[in-house]
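Here's the structure, in structure tokens; my notes come after.
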There are 2 protein chains.
Amino acid sequence: MTELPTSPPPDTPPDARHRVLEAAEAEFAEKGYEAATVRDICRRAGANVAAVNYYFRDKDTLYRETLRVAHECADGEGPGQPAFEWPADLAPVDKLGAFIRHMAMRMHAPARPTALQLLMREFAHPSPAAQEVILRYIRPKAFALRGILEEMFPGTDPRRLLMVGFSVIGQILFYRQNRPVVELIFGKDHVDALDAEMVADHVTRFTLAALGHGEPVTSRKVVKSSCQDG
Amino acid sequence: MTELPTSPPPDTPPDARHRVLEAAEAEFAEKGYEAATVRDICRRAGANVAAVNYYFRDKDTLYRETLRVAHECADGEGPGQPAFEWPADLAPVDKLGAFIRHMAMRMHAPARPTALQLLMREFAHPSPAAQEVILRYIRPKAFALRGILEEMFPGTDPRRLLMVGFSVIGQILFYRQNRPVVELIFGKDHVDALDAEMVADHVTRFTLAALGHGEPVTSRKVVKSSCQDG
DNA sequence: GACTGATTGAAACATGCGATTGATTCGCAA
DNA sequence: TTGCGAATCAATCGCATGTTTCAATCAGTC
């Protein structure tokens with residue numbers, strides 16, 4: 001068990017270790033752990049097959065490390081830092097709206113798409129290596145949402161608030177987790193038309209209406225400007 | 001390319017072909033296509049490795065066939081048959097409630113758990129072999145929901161109704177697709193406490209409130225009688 | 001009982017995988 | 001230049017996988 005070489009601080013041009021790490025992120029995200037091969041990863045990175053053994057110990061360690069940096073780079077938030085920072089005097093209702101919009105944006109146009117793709121894969125079928133990542137990545141956001149809901153409805157049954165939170169997150173995640181199926185059924189065009197802004201707006205209104213704030217979603221009609229559909 | 005042997009009608013005790021098919025369903029559902037091996041499948045089926053080549057051509061064909069029967073057995077509905085059949089004079093609002101309850105039940109306690117697990121795996125990361133299955137399995141349900149919503153809100157912008165449908169399905173699917181993550185964050189006990197009945201009830205009230213029917217979800221508090229509330 | 005086709009069994013084959021080796025090259029200080 | 005550790009490379013090893021083979025066994029028929 002010798003010491004593994006680590007990369008220099010990120011001021012130099014991308015060295016082999018970084019290239020392998022990025023290639024691994026892409027390959028693992030696209031194909032999953034089993035289907036991705038170290039040969040493909042190294043070919044993609046322009047490195048030799050031995051690099052994965054030289055910089056990381058083996059495929060499994062490479063995967064864990066890839067998962068770790070993906071978690072750190074998925075969005076700009078480092079671990080321990082507050083997940084969201086609004087003006088503290090913001091009304092709870094507006095906090096909820098900001099939360100929804102924030103999450104919808106992050107799901108629709110993440111800072112690092114392949115990283116999020118990899119994490120989503122882990123969330124669907126968590127490997128034993130993913131527990132820590134899951135806890136650090138999602139837990140704070142879940143608790144932030146719960147805090148908002150508790151602020152909005154103090155004294156409400158926790159199970160109810162839990163399910164309300166799930167309703168919020170479930171609505172947003174749907175567009176991410178089931179996009180291929182939705183595109184297959186309704187056509188890619190109709191799905192692409194639903195950008196992050198529309199989704200965020202809809203989920204916010206749908207949720208607030210369900211919670212007794214604002215009017216029902218179907219009361220006001222969408223203004224059909226130039227978009228063609230019946 | 002010779003003819004593949006097919007099974008006799010299902011009146012005989014489970015023959016090798018059926019056993020392999022069932023074992024394949026379980027293995028593919030648990031591990032995914034790549035990680036599942038034909039050796040494990042055959043060992044689980046109590047059959048020889050050659051059986052997969054004898055009854056099916058190869059692993060890929062076995063997978064497609066497994067997917068096909070999983071689609072047929074996931075719930076009692078055959079292809080072409082109407083996905084839902086209520087009294088036609090049921091009020092649209094009640095149809096929506098029935099749809100939600102039906103789907104929540106099917107997701108929470110499916111007739112054939114491993115089959116649904118396999119299908120959900122395909123929905124998350126569709127393989128080229130899954131398109132037909134997806135179209136036949138989900139499409140009718142999606143259209144049924146859309147029909148209900150159109151009936152409830154005639155003349156509403158289709159995109160809006162589409163997103164409303166996604167909100168409904170997203171809420172329900174969340175409990176299925178993200179159960180491991182939720183259990184990890186909030187604890188298995190708290191999640192197990194949310195049975196299909198509670199989920200169906202919550203999603204129905206949440207959705208109807210968002211659509212202007214019924215009171216907001218947080219207006220009435222849950223009566224914590226013993227454990228199960230009505 | 002002997003023939004025939006369907007089915008099963010154990011063994012082997014070919015391939016691609018992850019992992020490893022040992023030589024070679026590179027960067028750079030002495 | 002020389003020397004030395006870091007980094008890279010082609011080549012290979014052991015192994016698990018999907019697939020194939022072919023003989024053995026079974027069920028039914030004549």
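A, B, ... follow the sequence lines: proteins, then strands. Residue 1 opens every chain.
A heavy atom lying under 4.0 Å from DNA chain D marks none of the residues of residues 61-69 of chain A.
Judged by distance alone, the side chain of B:E22 and the main-chain N or O of B:H18 form no donor-acceptor pair under 3.5 Å. The backbone N or O of A:A36 lies less than 3.5 Å from no partner atom in the side chain of A:E27, so there is not a single donor-acceptor pair. Counting only distance, with no hydrogens or angles, the side chain of B:E34 and the backbone of A:A35 share no donor-acceptor pair below 3.5 Å.
The interatomic distance linking A:R43 (CZ) with C:dG16 (C1') rounds to 12 Å, in whole Å. Residue A:F56 contributes atom CZ, which lies 18 Å from atom C1' of C:dT20 at whole-angstrom precision. Between the OH atom of A:Y54 and the P atom of C:dT21 there is a distance of 15 Å, given to the nearest Å.
When heavy atoms are screened at a 4.0 angstrom cut-off, B:A16 is found touching the sugar-phosphate backbone but no base atom.
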Heavy-atom protein contacts under 4.0 Å, nucleotides 14-25 of chain D, coded B base, S sugar-phosphate only, - none: ---BBBBB----
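Side-chain contact check for B:S167 and A:Q171: at least one donor-acceptor pair (N or O, by modelled atom type) lies under 3.5 Å. Between A:T204 and A:D201, the side chains place no donor N or O within less than 3.5 Å of an acceptor N or O (distance only, hydrogens not considered).
Using a 30° and 60° split on the angle between ring planes, B:F174 and A:F166 fall in the tilted class, from 30° to 60°. In this structure, B:F28 and B:Y33 have parallel ring planes: the angle between them is below the 30° cut-off, well short of the 60° mark.
A pairwise comparison of heavy atoms in A:H108 and A:L194 identifies NE2-O, 4.3 Å as the closest pair.
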